[in-house]
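So you know, we letter chains A, B, ... as the sequences are listed, proteins then strands, and number each from 1.
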Number of protein chains: 2
Amino acid sequence: MARVAKHRQALVQTAMRLFRRQGYASSGLNQILDESGAPKGSLYHHFPGGKEALAEAAVDHAGELIAEMLESARERHPADLAAFAGAYAATMAEWMAESGFRSGCPIATTLLETTPENAAIAAAGARALDRWVDIVGSVARQSGMQADAARRWAHMLICAMEGALIVARVRKSKVPILDVGRYFGAQ
Amino acid sequence: MARVAKHRQALVQTAMRLFRRQGYASSGLNQILDESGAPKGSLYHHFPGGKEALAEAAVDHAGELIAEMLESARERHPADLAAFAGAYAATMAEWMAESGFRSGCPIATTLLETTPENAAIAAAGARALDRWVDIVGSVARQSGMQADAARRWAHMLICAMEGALIVARVRKSKVPILDVGRYFGAQ
DNA sequence: CACCATATAGACTGTTTGGTCTGTTTTCAA
DNA sequence: TTGAAAACAGACCAAACAGTCTATATGGTG
């Protein structure tokens, strides 16, 4: 076999980047192919399900990306709600600003465009959210919160962050994101 | 003139409905035309700017729709944070459920797909958000909050609701939306 | 009644879409 | 060394896309 899938990873990463910036439907297969350097044959070899299967992989990959960022923030602030929420917000705000307010949540747009029509993409989205809630909730628990209160707090922080990533994009401002970090750091 | 724009309103409403459910790029002009009953000539007569101009009008219309719902909730609960937040959440959850978890926020998907590339649509989105924050903030102020705390609370409730509308769709559940109402009602 | 801007109507066009299909190259195991 | 599976490669296709164009109907006003 050809060294093991030279193009597969490039395809997934490029798809994630484009879906994040301009959405699922606006990102044509030809654009993804161009920017990843892969030919069409490779796409349909690795993803027989076509664009929808690629989107599922892109959502999984994006879930991983955010989970790693959250784990890194947890390592630095394992039992400090305010510091953890602030670090989470600071990273998202930084990513947003340095992309010209284009790179918000890497799964939100794709999910809104395809869920619930496409169950596989929705399931990938649910997996990503579950993982994020687990990580955020573990910090809340470590900082002394009861298990169910910690879970509620984690859910709420993630929801507020998702909303802030929309508002920040519309307003071209980091403030809505940083506000979420401050608000949930003060609970 | 022909009775004054028979098709204009139908076009905007249909566009809003389709953009809300399946996104901006996935909603073809021909589909919007079919479902609204308008011919292509009327679309380009009323919206010389084409699809993007129609999207701007659809976002404005959606901003109005949500603003009216919030004003109705404010009339019922002018100075009761918990009741107001609960009513807001209950309405959004109801709309979501009765559409089979398809009708979330009527502007979020379109904004994520087009902002910041299209400044006119982004501006319409900002106008809608400003109006919503004003209404929600006025309830917080009436219930005894300081002006700036009320504004922060309003921003946060709206951000959390936007996020919950994504999560609810992915999970096919009203719970994330109702949770936001409870959490922000308990502040 | 006649005029004319407003609005309706849809055929048509060049481009792009996601997807299929037929080969060729690479790599490992036998 | 050779056979076969895995991966690469891109020409090709029907359908759908946003947008243009020309023609027709409508109805208030002079």
> Looking across every strand, which nucleic acid part, if any, lies under 4.0 Å from A:Ser27 by heavy atom: base, sugar-phosphate, or nothing?
Replying inline: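 Contact class for A:Ser27: sugar-phosphate only.
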> If you find the nucleotide of DNA chain C closest to B:Gly37 and the one closest to A:Gly28, which residue's nucleotide is nearer the 5' end?
Replying inline: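 The residue whose closest nucleotide sits nearer the 5' end is B:Gly37.
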>> Quick check: is A:Ile135 connected to A:Trp153 through a chain of hydrophobic side chains (ILVMFWY, heavy atoms under 4.5 Å apart)?
In response: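 They do share one cluster, since a chain of ILVMFWY contacts under 4.5 Å joins A:Trp153 to A:Ile135.
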Sequence neighbours excluded and cut-off under 3.5 Å, please list the side-chain donor-acceptor pairs for residues 78-87 of chain B, or say none.
from, atom 1, to, atom 2, distance (Å)
B:Asp80, OD1, B:Ala82, N, 3.2
B:Asp80, OD1, B:Ala83, N, 3.1

>> Please list all pairs meeting salt bridge (charged side-chain N to carboxylate O under 4.0 Å, His left out) that have one or both residues in residues 131-141 of chain B, counting only residues at least two apart or in different chains.
In response: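 Applying salt bridge (charged side-chain N to carboxylate O under 4.0 Å, His left out) to every pair that reaches into residues 131-141 of chain B, excluding sequence neighbours, yields B:Glu64-B:Arg131, B:Glu71-B:Arg131, B:Asp134-B:Arg151.
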> Considering residues at least two apart in sequence or located in another chain, which fulfil the salt bridge (Lys or Arg N to Asp or Glu O under 4.0 Å) criterion with B:Glu35?
Replying inline: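 Per chain and number, B:Glu35 pairs via salt bridge (Lys or Arg N to Asp or Glu O under 4.0 Å) with B:Arg17.
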>> Below the 4.0 Å mark, does C:dT8 have OP1 or OP2 next to a side-chain nitrogen or oxygen of B:His46?
In response: yes
If I take atom [atom1] in residue [X] and atom [atom2] in nucleotide [N], what distance separates them, rounded to the nearest angstrom?
{"X": "B:Phe47", "N": "D:dT20", "atom1": "CZ", "atom2": "P", "result": "16 Å"}
{"X": "B:Tyr24", "N": "D:dC17", "atom1": "OH", "atom2": "P", "result": "13 Å"}
{"X": "B:His45", "N": "C:dG10", "atom1": "NE2", "atom2": "P", "result": "16 Å"}
{"X": "B:Arg8", "N": "D:dT26", "atom1": "CZ", "atom2": "P", "result": "22 Å"}
{"X": "B:Leu33", "N": "D:dA16", "atom1": "CG", "atom2": "C1'", "result": "14 Å"}
{"X": "A:Phe19", "N": "C:dG18", "atom1": "CZ", "atom2": "C1'", "result": "12 Å"}
{"X": "A:Lys6", "N": "C:dT26", "atom1": "NZ", "atom2": "P", "result": "9 Å"}
{"X": "A:Gln9", "N": "D:dA7", "atom1": "CD", "atom2": "P", "result": "14 Å"}

> Is it the case that more than 12 heavy atoms not belonging to B:Gln146 sit under 6.0 Å from its CD atom?
Replying inline: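 Open.
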Strictly under 3.5 Å: I want the nitrogen or oxygen pairs between protein and nucleotides 19-22 of chain C, one per line.
from, atom 1, to, atom 2, distance (Å)
C:dG19, OP2, A:Tyr44, OH, 2.7
C:dG19, OP2, A:Lys51, N, 3.1
C:dG19, O5', A:Tyr44, OH, 3.2
C:dG19, N7, A:Lys40, NZ, 3.2
C:dG19, O6, A:Lys40, NZ, 2.5

> Got a sec, which residues hit side-chain hydrogen bond (donor to acceptor under 3.5 Å, both in side chains) with A:Asp130, two or more places apart in sequence or on another chain?
Replying inline: B:Arg171
>> Going by side-chain hydrogen bond (donor to acceptor under 3.5 Å, both in side chains), name the pairs with one or both residues in residues 50-62 of chain A, residues two or more places apart or in two chains.
In response: A:Glu52-A:Asn118, A:Asp60-A:Arg127
